[in-house]
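Here is the structure we will look at, set down as structure tokens.
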Amino acid sequence: MNSIFYHEQLHRTPALMTKMRETPVTLCGAGALGANIAESLARSGFGKLRIIDKDRIEERNLSTQPYYRSDIGAYKAKILTNSLYRALNIVIDGRSKELTTSNAKQLLTDSALVIDTFDNSISRQAVKDCCINEQIPCLHVGLAEYYAEIIWNPIYRVPSPVNDDVCDYPLARNLVTLAVATACEVAINFVATGKHQSFTITLADLAIKPFDL
């Protein structure tokens, strides 16, 4: 058993690795959360990933997102698509466009799982509403200064638009890393069992706790 996913194959069952490879997942956002989740899922064995993000890479993105100085000015979705292909020979469906209420159904309906990491309430609401209407499982992952949440659509509340630009607020890389790791394990457990697990993370006390209303 010698492959890119050697260690993951030792950890997961062959049946789960096959399910991960064949499960179509759409990531909404390619920023601090979305880009790192995409990379982690791809390196874990997911083979059918779509990434939707209209933004270009800025210098301030480099500390928390897997991009390089040479990427500044390029579209995030395009760079992420290229870098994962070079690393893993996986073809990612990168869409450098804005998700709106008018195109959400077109972009999301063939997904078995949607992971929302958008940094604005309008796009998050569009994802939430579309996934409810089309009955698509959707996991929302979000950040605040010392807090992160990984919450499934049925119990998710779209945040106030007051904090719509997370890049204008303090953001610790360690909080991003904890949120990404937790979200990816939740996604894998969903593929394996169908179970919806929701969590909150607080950085100050390094606590990851189940969340349920």
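Nothing fancy with the numbering, it's 1 onward along the sequence.
Considering all non-hydrogen atoms of both residues, Glu58 and Asn61 come closest at N-OD1, 2.7 Å. The shortest heavy-atom contact between Val180 and Ala32 is CG2-O, 4.3 Å. Across every non-hydrogen atom of Arg124 and Gly142, the tightest pair is NH2-CA, 3.6 Å. Minimum heavy-atom separation, Ile51 to Ala38: CD1-CB, 3.9 Å. Summarising the geometry of Ala183 relative to Leu139, their closest heavy-atom pair is O-CD2, 4.0 Å, with the distance given to 0.1 Å. Scanning all heavy atoms of the two residues, the minimum distance from Gly31 to Asp53 falls at N-OD2, 4.0 Å.
Following chains of ILVMFWY side-chain contacts shorter than 4.5 Å, one can reach Leu27 starting from Ile57, so the two form part of one hydrophobic cluster. Cluster membership for Phe118 and Ile132, using ILVMFWY side-chain heavy atoms within less than 4.5 angstrom, is not shared. By the criterion of side-chain heavy atoms lying less than 4.5 angstrom apart, applied directly or through intervening Ile, Leu, Val, Met, Phe, Trp or Tyr residues, Ile92 is grouped together with Leu80 in one hydrophobic cluster. Taken together through direct or relayed side-chain contacts under 4.5 Å among Ile, Leu, Val, Met, Phe, Trp and Tyr, Ile122 and Val127 form parts of separate hydrophobic clusters. Criterion: ILVMFWY side-chain heavy atoms under 4.5 Å apart, direct or through other members. Under it, Leu33 and Val25 are part of a common hydrophobic cluster.
Screening residues 180-204 for salt bridge (Lys or Arg N to Asp or Glu O under 4.0 Å), with sequence neighbours left out, gives Arg12-Glu185. Note on residues 40-50: pairs passing side-chain hydrogen bond (donor to acceptor under 3.5 Å, both in side chains), not counting sequence neighbours, are Glu22-Lys48, Glu39-Arg43, Arg50-Asp93, Arg50-Asp110. For residues 62-86, the set of pairs meeting the salt bridge (Lys or Arg N to Asp or Glu O under 4.0 Å) definition, not counting sequence neighbours, comprises Glu59-Arg69. Note on residues 42-68: no pairs pass ring-ring contact (aromatic ring centres under 6.0 Å, His included), not counting sequence neighbours.
Taking Glu134 as the reference, Lys105, Thr109, Cys130, Ile136 meet the side-chain contact (heavy atoms from CB on, under 4.5 Å) condition, with sequence neighbours excluded. Applying the side-chain contact (heavy atoms from CB on, under 4.5 Å) rule to Ala74 yields the partners Ile79; only residues at least two apart in sequence or on another chain are considered. In this structure, the side-chain contact (heavy atoms from CB on, under 4.5 Å) partners of Thr100, at least two apart in sequence or on a different chain, are Glu98, Ser102, Asn103. Remark: Arg56 pairs with Tyr75 by the side chain to side chain donor-acceptor pair (under 3.5 Å) rule, at least two apart or across chains. Applying the side chain to side chain donor-acceptor pair (under 3.5 Å) criterion to Asp205, with sequence neighbours excluded, gives Thr202. By the side chain to side chain donor-acceptor pair (under 3.5 Å) test, Ser96 is found to be paired with no residue, residues two or more places apart in sequence or in another chain being considered.
A donor-acceptor pair under 3.5 Å links the side-chain atoms of Ser111 to the main chain of Leu108, judged by distance alone.
Distance CD1/Ile201 to CG/Leu178: 5.5 Å, rounded to 0.5 Å. Remark: Gln65 CD to Arg173 CZ distance equals 9.5 Å, nearest 0.5 Å. Rounding to the nearest 0.5 angstrom, the gap separating the OG1 atom in Thr64 from the CG atom in Asn174 is 12.0 Å. If you take CG on Leu113 and CD1 on Ile188, they are separated by 11.0 Å, rounding to the nearest 0.5 Å. To the nearest 0.5 Å, atom NE2 of residue His196 and atom SG of residue Cys138 are 10.0 Å apart. Taking NE2 from His7 and CD from Gln9, the interatomic distance works out to 10.5 Å, rounded to the nearest 0.5 Å.
In summary, of the residues considered (Thr200, Thr177, Val141, Ile208), a side chain to side chain contact (heavy atoms under 4.5 Å, CB included) with Thr182 occurs for Ile208 alone.
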Item to check | Stepwise side-chain contact (heavy atoms from CB on, under 4.5 Å) check, Leu41 with Ile115 | outcome: CA-CA 11 Å; Leu41 291 181; Ile115 302 178; 3.9 Å; yes
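Clustering of Ile, Leu, Val, Met, Phe, Trp and Tyr by side-chain heavy atoms under 4.5 Å joins Tyr85 with Val91.
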Let me have the donor-acceptor pairs involving side chains of residues 148-155, under 3.5 Å, with sequence neighbours excluded, atom names and distances please.
residue	atom	partner	partner atom	Å
Glu149	OE1	Tyr147	OH	3.0
Trp152	NE1	Gln197	O	3.0
Asn153	OD1	His140	NE2	2.5
Asn153	ND2	Lys128	O	3.1

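You'll find the side chain of Leu175 reaches within 4.5 Å of the side chain of Leu203, heavy atoms only.
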